Amino acid sequence: MIAYLLLFLSTLPSFAAEPPVRVGSKAFTEGYVLGELLAQTLEDKGGPRVERRFGLGATGILFAALKAGEIDLYPEYTGTIAEAILRKPELTILPEIAAALAPLGLVISSPLGFENNYALAVPAAYAEANGIRKISDLKRVMETVRTGFSHEFLSRADGLSAVSQAYGLKFAAGGAMDHALSYRGVQSGAVELLDVYSTDAKIKTLNLTVLEDDRHFFTRYQAVVLGRADFKATNPAAWARLESLKNTLSESRVRTLNYAVDERGLSFRAAVREYRGLSAEASHYWREMARRIAGRTREHLELVGVALFFSVLVGVPLGILSARYRRLGRGILAFSGLLQTIPSLALLCFLIPLFGIGLGSALVALFLYGLLPVVTSTYIGLLGIETGLIEMAAVLALTPWQALVKIKLPLASRQILSGIRTAAVISIGTATLAALIGAGGYGALIVAGLATNETATILEGAVPAAALALVVHFLFDAADSLLVPRGLR
Amino acid sequence: MNSPALALREVSKNFGDQVALKNVNLTVARGETHVLLGLSGSGKSTLVRILVGLSRPDAGTVDFADTGRGSAAVGYVPQEGGLFPHLSAARNITLVAGLRGMGRGTMRKRLDELSALMKLDPALLRKYPKELSGGQRQRVALMRAAFLEPALLVLDEPLGALDPLVRIGVQDELKAIFQKLKTSVVMVTHDIDEARFFADRLTLLRGGEVVQTGSFAELTNAPANEFVDKFFHSRRLWENA
């Protein structure tokens, strides 16, 4: 709705304000920090307004968002562009990459000045104990070393399988995990080998030894701005501001920025302001936190409420149809069951080209997830009605509609309501993932907290989400006594 | 006024190869209480389903007297009463009348009239079926069936679900109610005492066919065949034992 409004306003050139520049970012510390740096650089001294759409889940989501015009630009690495977007890992130099991006309507800026390469790292103590300095040294410990690789590293073409092949390594099985979790694993001793980024502040704080890439396997990951070509063409001044960052960021400067966020606990905004030599803003911790949670609560309720409303609006009639026409019903039930098996993040990615990033796709995904419990409960509730009562309705010569509204739905009401309750509770949990595509809600706090390994921020999102699920559960108990006819309780 | 309340002519019904009813002829006069008697599988249930419109005969005709009020042809009280658990007794009784646009005042009046006739405390009408006793539920079900003054009331083992001790009392009341309503009644039972108590005339069914129709005395004193004789005789033997 809001998106449509903005779209509408943006088509009225003489009345509307300039549309904001929409800056995206990935959901890890450096992503946020660089996104914030781009945003502040754009806004500086009379620059355009910026809308921050940070913390988007994965490269695929950001790429879809760029194509759909949901964001104008975001910070990315050349290696990722070649590998994950262009699917031409052989491209390594900037002009080649820029040329390959042109047909997609995308452009890249000059390099920001640092590289963030994939690397393998082990705890320094482990390196010393086993005499490991280079990746090829891993051969000696590959049977026993406890690994904690990220999902992305496991799935990339230049990731684990390729590096294993290049070095003749074969690791014992180890599960994939989120980066933030593998760091925790290092702290607890559960992880002894992990993939890292070379600018990672954790290398310093966790005292990791980065292993030498002695066969020069890993691609170089130069940081650049990836943007829409039409944005660059229509906003040359804004693009020039971004170009002013060319070669200004050394690896140590980026590590310092990451460190400020990860270890000193500064907000992205504050860390970037400090880096740019600006004074810190006054902070009101509790008030800020209350405001954050209140804002996220409103977003979360909106997501869940709107999605649930449509799940019920569509799910109950589908359940009625399923109970009425059994063959069709089997199809409907199988289809809504199938939807349930699609992993949330994958479903979100499918929906982005259709509904954009942010609220639209998140609402559609939650709506789809809410369908199954509502359809199934309506179907089971209707089929569970005693035959004698349905026949009585026929004997009393009620029309099919009267029988449905006056007899069947009220008799199935308890069952239907329990399905709606299940949909609501599932939806509250699933909605936390909506943050990965920029739809906000409690998930935004969880994602940001995970990215920076800040337990407090994770809890700011996770605790209210759990509380909300409980509150909704009890609200439905109350609704039970209001909506279910007295004779059935 | 001379046409019967119900007339079945040569009604047949098969389920696949199974013969459920075969050339059944049955006439119920106005104001008559007609009892259908038979063992299980004799076709009683199929006949009831045809009377109340849940099933169509394969052959033959079913005619009801025109009540001239556009009201329901048949009022039905199934074995367990068939009350809707989500509606109060009063709503159960007036549901159809309300849907057909009967005014509140008229409904109120008819409700009072019937509860007086059935000797049901009007306060009970606000209760839900599960809050009523078996006998009260049965009377509410009968009020619902009779509400729109149908040409015929069909009762399927109406007392079957009741406690044997309560049963005797309810039998008396029910008979009084039938007399006051002046409606024709078709009642299904397997209880010979109940049949004798209620029936102006009765019909004995066997294997989907009418074996004999007549008063209780006619059937017991002049049985049409050996089966009729044995049917009533076995009962007497059992009683005397």
Side-chain angles (χ1 to χ4, degrees), chain A residues 312 315-317 319-320 323-326 374 377-421 476-489, chain B residues 45 48-56 64 70-101 124-132 137 140-141 143-148 150 152-157 160-161:
Chain A
V312 173
V316 171
I320 294 169
R324 178 88 177 71
Y325 307 100
R326 300 295 171 78
V374 176
S377 66
T378 306
Y379 173 80
I380 292 174
L382 289 176
L383 288 193
I385 299 173
E386 223 180 286
T387 321
L389 294 179
I390 291 178
E391 289 188 346
M392 201 60 224
V395 171
L396 293 176
L398 299 189
T399 63
W401 176 252
Q402 287 170 340
L404 181 69
V405 173
K406 298 284 180 185
I407 308 297
K408 294 183 190 175
L409 286 180
L411 285 175
S413 59
R414 183 156 234 188
Q415 191 89 37
I416 296 174
L417 203 63
S418 87
I420 297 174
R421 179 211 303 249
F476 270 95
D477 273 347
D480 201 72
S481 55
L482 281 177
L483 297 177
V484 175
R486 195 175 99 208
L488 297 180
R489 294 198 298 271
Chain B
S45 310
V48 165
R49 289 180 70 82
I50 287 176
L51 291 183
V52 301
L54 286 173
S55 185
R56 283 173 187 283
F64 296 99
S71 55
V74 177
Y76 178 43
V77 181
Q79 223 167 66
E80 307 282 337
L83 294 177
F84 297 119
H86 66 294
L87 299 176
S88 68
R91 287 280 291 134
N92 258 293
I93 297 167
T94 60
L95 176 71
V96 175
L99 290 173
R100 293 189 186 177
L124 292 176
L125 292 176
R126 279 195 297 276
K127 299 211 171 209
Y128 285 82
K130 70 169 183 188
E131 298 162 346
L132 300 171
R137 270 203 291 272
V140 171
M143 281 171 76
R144 175 171 71 183
F147 197 78
L148 289 174
L152 183 73
L153 282 176
V154 176
L155 290 83
D156 191 357
E157 306 256 8

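The shown structure was predicted, so the numbers you read here are calculated from the model rather than taken from an experiment. Proteins get letters first, then strands, A, B, ... in listed order; numbering begins at 1 in each.
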Polar side-chain atom of B:His86 near backbone of A:Lys406 as donor-acceptor pair, under 3.5 Å
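Pair found, side chain donor or acceptor close to backbone of A:Lys406.
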
Could you tell me which portion of A:Gln402 (side chain, backbone, both or neither) has an atom closer than 4.5 angstrom to a non-hydrogen atom of chain B?
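It is the side chain, since no backbone atom gets that close.
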
Partner chain B: residue of A:Val484, A:Thr399, A:Ile407 with the largest heavy-atom pair count (under 4.5 Å):
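Most heavy-atom pairs within the cutoff with chain B belong to A:Ile407.
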
Could you give me the CA-CA distance, side-chain angles and deciding distance for B:Glu80 and A:Glu386, then say whether side chain to side chain contact (heavy atoms under 4.5 Å, CB included) is met?
CA-CA 12 Å; B:Glu80 307 282 337; A:Glu386 223 180 286; over 6 Å; no

For [X] versus [Y], what's the shortest heavy-atom pair and its separation?
X	Y	answer
A:Met392	B:Gly82	CG-O, 3.5 Å
A:Leu389	B:Phe84	O-CE2, 3.4 Å
B:Lys130	A:Leu488	NZ-C, 4.4 Å

When rounded to the nearest 0.5 angstrom, what is the spacing between [atom1] in [X] and [atom2] in [Y]?
X	Y	atom1	atom2	value
A:Leu398	B:Leu95	CG	CG	5.5 Å
B:Leu54	A:Thr387	CG	OG1	11.0 Å
B:Arg126	A:Arg486	CZ	CZ	9.5 Å

Is there a side-chain contact between B:Pro85 and A:Leu411, using heavy atoms and a 4.5 Å cut-off?
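Heavy-atom side-chain distance check passes, below 4.5 Å.
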
Pick one of side chain, backbone, both or neither for B:Pro78, based on which atoms fall under 4.5 Å of a heavy atom in chain A.
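The side chain, not the backbone.
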
Let me know if B:Leu83 has heavy atoms under 4.5 Å from chain A in its side chain, its backbone, both or neither.
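When you check distances to chain A, only backbone atoms of B:Leu83 fall under 4.5 Å.
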
Please say which of B:Val52, B:Leu51, B:Val154 ends up in a side chain to side chain contact (heavy atoms under 4.5 Å, CB included) with A:Val395.
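The passing option is B:Val52.
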
The test is side chain to side chain contact (heavy atoms under 4.5 Å, CB included); show your working for A:Leu396 and B:Arg144 and say whether it passes.
CA-CA 10 Å; A:Leu396 293 176; B:Arg144 175 171 71 183; 4.2 Å; yes

